[in-house]
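Report on one structure; see the data block that follows.
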Amino acid sequence: MQISSILKPEAVRVIGAVSSKKRLFQEVSEVARSAYGMPVAHTVEALLERESLGPTGVGHGVALPHARTDLISEVQGVFLTLEKPLDFGAVDRQPVDIVFTLFAPEAAGVEHLKALALVSRTLRDQSFCTKLRANPDPSTLHTILTDSQTIEAA
């Protein structure tokens, strides 16, 4: 699995600022609607439901929100960078400015886990995240994410 198989160029955006996690999920859901045709209210609810189980802020300014839905047939991603970091309740208590959201079919099983592992492994690299933070153009961000990642997920 590669990031290019789960992330369309139109699913990459740079957002100025959001006031809350719920507002961030609204932005993510708007991008998911635009790129994949997913209904906004449904995806916001799915993300909030998953987040209620525990925060998906993994540290170092990165969040990996994810949710399952019966409205898609394959794993799909949305990538956002935030110009103004958001308090996300991350494990290291640092605000988040890189958000890679994954949506998976209800029955995705191992594919969802492979995608999550791939994205997590990619965004654990601090020099890679620095490169992402230095590029405010969505097209460039998509290229960085998809061209540099060829590692197979576990």
Side-chain angles (χ1 to χ4, degrees), residues 1-126 128-129 132-133 138 141-142 145-146 149 151-154:
M1 174 178 289
Q2 294 185 0
I3 289 178
S4 60
S5 68
I6 58 173
L7 184 67
K8 289 183 173 183
E10 57 269 28
V12 177
R13 302 268 173 88
V14 176
I15 305 294
V18 290
S19 56
S20 67
K21 196 182 285 192
K22 185 173 182 178
R23 183 67 196 130
L24 173 65
F25 290 163
Q26 181 75 30
E27 292 283 345
V28 166
S29 296
E30 291 287 344
V31 175
R33 180 193 52 76
S34 174
Y36 305 109
M38 298 172 68
V40 172
H42 177 80
T43 52
V44 169
E45 185 60 35
L47 289 168
L48 288 170
E49 183 178 315
R50 165 54 190 90
E51 200 69 18
S52 72
L53 300 176
T56 55
V58 296
H60 302 287
V62 176
L64 302 176
H66 51 280
R68 291 180 184 261
T69 175
D70 58 357
L71 300 179
I72 56 174
S73 60
E74 59 189 17
V75 177
Q76 298 169 328
V78 171
F79 179 83
L80 303 178
T81 58
L82 307 175
E83 292 175 355
K84 183 176 185 239
L86 172 69
D87 179 9
F88 199 84
V91 295
D92 64 356
R93 301 178 197 248
Q94 297 300 309
V96 163
D97 64 344
I98 292 177
V99 180
F100 200 126
T101 306
L102 290 172
F103 295 100
E106 287 289 347
V110 73
E111 286 305 307
H112 178 232
L113 297 176
K114 282 184 180 181
L116 200 53
L118 172 66
V119 172
S120 175
R121 188 170 27 252
T122 301
L123 296 180
R124 230 181 281 143
D125 180 341
Q126 290 305 297
F128 186 79
C129 288
L132 292 171
R133 289 180 174 108
L141 290 169
H142 184 265
L145 286 161
T146 57
Q149 182 58 319
I151 299 171
E152 289 292 315

Pairwise side-chain contact, V28 with T43, heavy-atom cut-off 4.5 Å (strictly under): no

For the residue pair L71 and Y36, establish whether any side-chain heavy-atom pair is separated by less than 4.5 Å. no

Would you compute the distance between atom CZ of R68 and atom CZ of R50 and round it to the nearest 0.5 angstrom? 10.5 Å

Counting N and O atoms only, with roles assigned by atom type, does the side chain of D70 sit under 3.5 Å from a partner on the main chain of E106, one being a donor and the other an acceptor? no

On a heavy-atom basis, the closest approach of L47 and P65 is CD2-CB, 4.1 Å

Hey, what do you get for CG (L86) to OG (S20), rounding to the nearest 0.5 Å? 7.0 Å

CD/E49 to OG1/T69 distance, rounded to the nearest 0.5 angstrom? 10.5 Å

For the residue pair G59 and A90, what are the closest heavy atoms and their distance? N-CB, 4.3 Å

Among side-chain atoms of Q2 and T146, is any donor-acceptor pair under 3.5 angstrom? no

Show your working on side chain to side chain contact (heavy atoms under 4.5 Å, CB included) between F100 and I3 and close with a plain yes or no. CA-CA 11 Å; F100 200 126; I3 289 178; 4.2 Å; yes

Please test V119 against I6 for side chain to side chain contact (heavy atoms under 4.5 Å, CB included), starting from the C-alpha separation and ending with a verdict. CA-CA 10 Å; V119 172; I6 58 173; 4.2 Å; yes

Working to the nearest 0.5 Å, report the span between CG of D97 and CD of E83. 10.5 Å

Close side-chain approach of C129 to L123, heavy-atom, < 4.5 Å: yes

Output, in order, the C-alpha distance, side-chain angles, deciding distance and verdict of side chain to side chain contact (heavy atoms under 4.5 Å, CB included) for M38 and Q76. CA-CA 10 Å; M38 298 172 68; Q76 298 169 328; 3.7 Å; yes

Over all heavy atoms of both residues, which pair between A11 and G77 is shortest? Give the atoms and the distance, please. CB-O, 3.4 Å

For the student: nearest non-hydrogen atoms of L7 and F79, plus distance: CD1-N, 3.9 Å

Test item: side-chain donor near acceptor, R124 and S120, under 3.5 Å: yes

Between L82, L141, L80, which is the residue that forms a side-chain contact (heavy atoms from CB on, under 4.5 Å) with V14? L141

Nearest 0.5 Å please: distance from the NZ atom of K21 over to the OG1 atom of T56. 6.0 Å

Looking at A35 and K8, what are the two nearest heavy atoms and their distance? O-NZ, 3.0 Å

I would like to know whether V99 and V78 meet side chain to side chain contact (heavy atoms under 4.5 Å, CB included); could you show each step before the answer? CA-CA 8 Å; V99 180; V78 171; over 6 Å; no

For the student: nearest non-hydrogen atoms of R13 and S34, plus distance: NH2-OG, 3.6 Å

Separation of T122 OG1 from L145 CG (nearest 0.5 Å): 8.0 Å

Under 3.5 Å, side chain of S29 to main-chain N/O of F25, donor-acceptor pair present? yes

Taking the side chain as every heavy atom from C-beta outward, state whether M1 and E111 have any atom pair closer than 4.5 Å. yes

Any side-chain heavy-atom pair of T81 and R133 under 4.5 Å: no

How about NE2 on H60, more than 12 heavy atoms from neighbouring residues, nucleotides or ligands closer than 6.0 Å, or not? no

